[in-house]
Amino acid sequence: MTLAMPAPVPTLQAKDFRSDLKPIWCPGCGDFGVVQAVYRALAAVGRPPHEIAFISGIGCSSRIPGYTTAYGFNSVHGRALPIAQGIKIAHPELLVLVAGGDGDGFSIGGGHVAHAVRRNIDLTYIVMDNQIYGLTKGQLSPTSPRGLKTVTSMYGSLEEPLNPLMYVLSYGAPFVAQGTPADLPGLTAMLEEAIRYPGFSFVNIQSPCVTYGEESGQIKAQKEKMKALADMKHDPTDRIKALSLAQDYGRELYTGVFFRDPNPPPTYDALVKARQAELSANALPRQNILDLFLQK
Amino acid sequence: MTTDLVIGMAGSGGDGIVSAGESLIAAVATEGYHAMMTKSFGSQIRGGESSCRVRLSTEPVLNPGGTLDVAIALNWEDFLKFGGELPVGGNTIVIYESKTGVAPDKLPLPGVTPAEVFPVPIADMAKESAKTDKAKNTVILGLIAGWFGIGGDGVMKGLRKKLAKKGPELLEANERALAAGRKYAQDHPLKTPRVMERPKTVSPKLLTDGNDMCGAAAIFSGCQFFGGYPITPSTEIMQFLSREIWKYGGSVLQAEDEIAGIGAAVGASFAGKKAMTATSGPGMSLKTEMLGLATIAELPLVLVNVQRGGPSTGLPTKTEQADLYQAAFSAHGDVLRPVLAPTCVADTFEITVEAFNMAEMYQTPVVILSDQEISQRKETCDPIDTSKFRLVDRLRPANSELGTHYARYRFTESGISPISEPGMPGGNYLAAGIEHNEKGAPISGGIMHAKMNEKRFRKLNPIRTRRDLFQTYGDPNAPLALIAWGSVAGVAREALRVAERKGVKVKLLVPRLLYPIAEEFFNDFLSGVQAGLVVEQSHQGQLYHIMKMVLDLPKGLKSYARSGANPFQPAEIVRRLREQAQAMHQSGDSMPQEE
Amino acid sequence: MATRGIDFARLSLKDALDLAIFIEEEAKERYEDFASQMETHHTPDSARFYKFMAGNEEKHRAELAERRGKLFPKDPVTVSRQMLFDVEAPDTDEARTFMTPRQALTVALRCEEKAWAFFDGALKVIKDAGVKELFTELRQEEVEHQDLVKAELAKLPADDRFKTEDFEDEPVSHD
Ligand SMILES: Cc1ncc(C[n+]2csc(CCOP(=O)(O)OP(=O)(O)O)c2C)c(N)n1
Ligand code: SF4
């Protein structure tokens, strides 16, 4: 991607999205990079903070809405998506962002992901995937590799990790990407694209935990092994190819857009609006609603 | 000589204040003292401010204590952040890092003149002795050893064990830091010496916290399965079991959420094994559905709910007693679910064993309602004689009962029906959440539903007569009464001591069975009581209101309740109790005079 | 990959100056963030150093801004900071709880080296004589900054041989 020079100067700046709250994150946490990319992506998109609803669950990563000037909702563990869907359906003009950890999204909240995807609600779901539970002090996460020793898997985990990319792709998400704070320009561009995409968009961010994470997941290690899908000449309109690449989650670190449906399917929120418009034509006046029960 | 000492220290997580506290309590436990340690932290994960209180005594320690005897501040800003958790008074010896630049007569403690103040160059001493200022915490342990005669060699013994794998350099550095602290104390004696009196007898002690004790008790009780999901402050139960339970043929499943965690435990129980789950407020909310299932399917299950401040995420790291309503009543339909509350770390063993026994005996879920303080504080306790516990197994059908005529929910006199399990020939049945008849077949009629409800309630009747689940203290004929449960019970017991010393006649009831209310026993205790307080750490005073719902309370019995994270002090309970008595007296009710 | 989309061959002096200003601004803000992180995580000595670095970057920014103001007083800014992250600013993951001043200085040194490499790389493609001159000057400044940081490093006593982990409290669970 090359921005033509001279580049357009956004009217909103990254700093307009930054709040005064001081992050409690451990210095070095990958989430610091993520929030920087979010500020810039939002500035690029150009919607003012008051038109943005930023929803999260519980976890270190879920603190992120508080560090922005958007309307934030730091809800309960695993339930960011249901709340966000309610917000978007009730007020479709809002830009709705959802964020959380791998545990929040794929363990306790895992059941909700498939449904948000199949409804194709126009929102952007960002998962800061660190393969561990940060806020509760380093327990196993659904994306932890098999064999990982943690305080709840003293002798090594007995489970295969869940693959967030395959999960979301296979339920038919129209936009799926993976980024990392090891490449902030790439992450910013990807987030901007995801936010602009008209439909459910998912960005898995490999955001390392410096306190409980594995050495191999840290930014330095990521810089060594990450491969840009664009450089691999991946065609992001090919869902099957995207699925096949996504299988390497956990072994390879591909960054960029895995899949972007070139013909965005209709979103649930748009369909709701259309149905409301269609049916309101022959509605009884509100004050006459009881006429429905009138025996004639 | 001093017989009881409360030490409070604060610094940054990097100073290792809490790890110093851990070393100290471990050392004094080997010296034969009774001790208790609580910790408190800022909101950072690593590198925040941290503090701990260690209370030790030649007598059993009932609670973390009030005003500090010794206050140690590595940094005043950090120390003051803990406010009421580390109160300094006129009897306190204040020790602080002289580098903070605060003059001894300008301490940031408005309105307080401590007994003695020592600015100590702790960091410099560490640097000089250990060649690293990181050893500040060990210098502090040396100061404590020197001034109060505790820890010292025991601390070194502990460090030798802890650092065995790290090589001699680190150990020697610590050794020198400890010696430097001791020497400083010797060179700067206290005006009024406060050396701790040695315990009369030195018997071996256990040292652990409520969560590990609960895990150990579960294994002792024969628990074979734990399903759960991490949540503060209960996670350590799962962590303990995930280290130990495999050795006893059991297993731990870290499930995808609390519903799955308790679901798997319900499954394990159906399969015939003793099973447990543990959680805290937000997780408890999710488990409600499965609790209902276990109630109607009559499956034994132990659920530990370690209370933290709520509602919702609330105060995850602080203690509160506001989940009693939830433990007792979170259900749809007619449900009677026993709720047990431990009062201290040692008691957590007994209550956990009791919970497994009750669950097995009556084929019901049982809630252990612990709290953050008990679950995470460390305590010494005398060795527990496990041979005195009788373990109960669920009543299984005799061979003659098995076969096509087997009725899983047979109406019996006690209401308890022999329960089979998959793998048992002739015991096949359908367990379900839907109402059923004696054979387990789904029904929809009112008559059978009423009979089954009656059976499920009747089988639990005997627990209301379990006097051993209630502890009473003080003069049984006293007209003044205190009632307290959970971690507050320890404060109330000390309040009783204080009152008795002042010549006030008071008695105390500590219910460990919180629900159902054992009416007869409460009434016995309350007869003759004219004034009193139900002391609870919640805004509403939930036990008081449940009592009010079920019992006819004496007019002078009131709720003394306040939100979590605001610990009660014994003296204020006594003050409040006397005010309450006074008020009753003035309102014309006859009231015997005290003192 | 600290930047995206800068076509150095076509860079004008005005845009080059604005870019340089942004680079300093970015570095200043990152150092401020680090200082604040160190403060909230009880690492005061390194906080002080990062504040000092932020001050330096701000000084450079102000100098460049003044020059820009004199040369192009009325012309609007047409480049953006959007895609510029860590030309001179440390990567967002470089801070650590309890890092020693020596470790903090090492981070800064790496940044000055990184910035040198950036200008050096750009100079290979730059055509405009004025831009070339500016970037050569900026590249030279980075050498001076490196020397400055190295001198500071030399003054610092060696870190002691002990690890904080062997003394500090365990991390705390918050939910
Ligand atoms: C219902 C419920 N269960 C458990 C918790 C405790 N809890 C808070 S965050 C968390 C997991 C954190 O991991 P993740 O979602 O991956 O986020 P991270 O902290 O790693 O960013 C857990 C188990 C809770 N708050 N609510
Ligand atoms: S514990 Fe891990 S995920 Fe949480 S703030 Fe610290 S580094 Fe980040």
Side-chain angles (χ1 to χ4, degrees), chain B residues 11-22 39-52 74-75 77-78 126-127 130-138 159 162-163 166-167 169-171 173-174 177 230-236 239 280-282 308 313-317 376, chain C residues 29-54 89-108 152-175:
Chain B
S12 109
D15 297 329
I17 278 292
V18 171
S19 81
E22 309 252 3
K39 345 174 209 184
S40 182
F41 304 95
S43 58
Q44 299 86 333
I45 290 148
R46 184 172 172 233
E49 52 279 2
S50 57
S51 73
C52 67
L74 275 172
N75 176 325
E77 211 178 303
D78 291 333
K127 182 116 208 163
K131 304 285 171 280
T132 174
D133 55 6
K134 299 181 183 101
K136 291 193 283 278
N137 52 356
T138 317
L159 284 176
K162 186 172 140 191
L163 304 177
K166 303 251 174 181
E169 193 181 1
L170 186 59
L171 195 67
N174 276 296
I231 185 163
T232 306
S234 76
T235 315
E236 294 85 359
Q239 291 178 181
S280 186
R308 61 189 220 182
T313 304
L315 298 176
T317 60
Q376 296 193 327
Chain C
E29 287 175 12
R30 187 70 39 79
Y31 281 126
E32 279 171 356
D33 281 357
F34 278 17
S36 146
Q37 289 172 33
M38 294 299 108
E39 269 167 6
T40 31
H41 289 82
H42 288 84
T43 313
D45 295 340
S46 296
R48 230 170 288 127
F49 170 71
Y50 282 133
K51 264 197 201 137
F52 162 80
M53 285 305 290
D91 285 18
T92 53
D93 74 317
E94 296 254 40
R96 285 290 180 280
T97 314
F98 306 138
M99 71 197 305
T100 63
R102 175 168 288 277
Q103 289 163 334
L105 263 91
T106 311
V107 168
E152 288 293 316
L153 262 173
K155 276 190 254 166
L156 276 182
D159 287 345
D160 66 47
R161 305 155 51 92
F162 297 94
K163 293 199 209 98
T164 316
E165 292 99 280
D166 289 333
F167 294 91
E168 71 173 291
D169 293 336
E170 265 188 39
V172 187
S173 164
H174 282 285
D175 204 306

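Remember, predicted model here, so these are calculated numbers, not experimental data.
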Report task. Any chance you could lay out the salt bridge (Lys or Arg N to Asp or Glu O under 4.0 Å) test for C:E170 and B:R46, step after step, and finish with the verdict? Result -> CA-CA 7 Å; C:E170 265 188 39; B:R46 184 172 172 233; over 6 Å; no
Query raised in the report: Applying a criterion of heavy atom separation less than 4.5 Å, what residues of residues 30-52 of chain C form contacts with chain B?
Result: C:T40, C:H41, C:H42
Query raised in the report: Which pair of heavy atoms, one from C:F167 and one from B:N137, lies closest together, and at what distance?
Result: O-ND2, 3.2 Å
Requested in this report: Provide the closest heavy-atom pair for C:F98 versus B:S12 in the form atom of the first, atom of the second, distance.
Outcome: CE2-OG, 4.2 Å
If you count heavy-atom pairs under 4.5 Å with chain C, which of [options] comes out on top?
options                        : answer
B:L163, B:D78, B:N75, B:L315   : B:D78
B:E49, B:K131, B:E22           : B:E49
B:T317, B:L170, B:T235, B:T138 : B:L170

**Report entry** Verdict with supporting geometry, C:H174 and B:I45, side-chain contact (heavy atoms from CB on, under 4.5 Å)
**Finding:** CA-CA 7 Å; C:H174 282 285; B:I45 290 148; 4.0 Å; yes
Query raised in the report: Counting only heavy atoms not in B:E77, do more than 12 sit closer than 6.0 Å to its CD atom?
Result: no
Query raised in the report: Between C:D175 and B:T232, does any side-chain donor sit less than 3.5 Å from a side-chain acceptor?
Result: no
Query raised in the report: Is chain B contacted by the side chain of C:F162, its backbone, both, or neither, given a heavy-atom distance below 4.5 Å?
Result: both
Query raised in the report: Looking at OG of C:S173 and CD of B:Q239, how far apart are the two atoms once the value is rounded to the nearest 0.5 Å?
Result: 8.5 Å
Query raised in the report: For B:A130, is it the side chain, the backbone, both, or neither that has a heavy atom closer than 4.5 Å to a heavy atom of chain C?
Result: backbone
Report summary line: Under 4.5 Å to a heavy atom of chain C? For B:T132 that would be both
Query raised in the report: Are any of the side-chain nitrogens in B:K134 or C:D160 under 4.0 Å away from the carboxylate oxygens of its partner?
Result: yes
Query raised in the report: Under 3.5 Å, side chain of C:D169 to main-chain N/O of B:S50, donor-acceptor pair present?
Result: no
Query raised in the report: Who pairs with B:E169 by side-chain hydrogen bond (donor to acceptor under 3.5 Å, both in side chains), at least two apart in sequence or on another chain?
Result: C:R161
Query raised in the report: Would you call B:K166 and C:D166 a side-chain contact if the rule is heavy atoms closer than 4.5 Å?
Result: yes
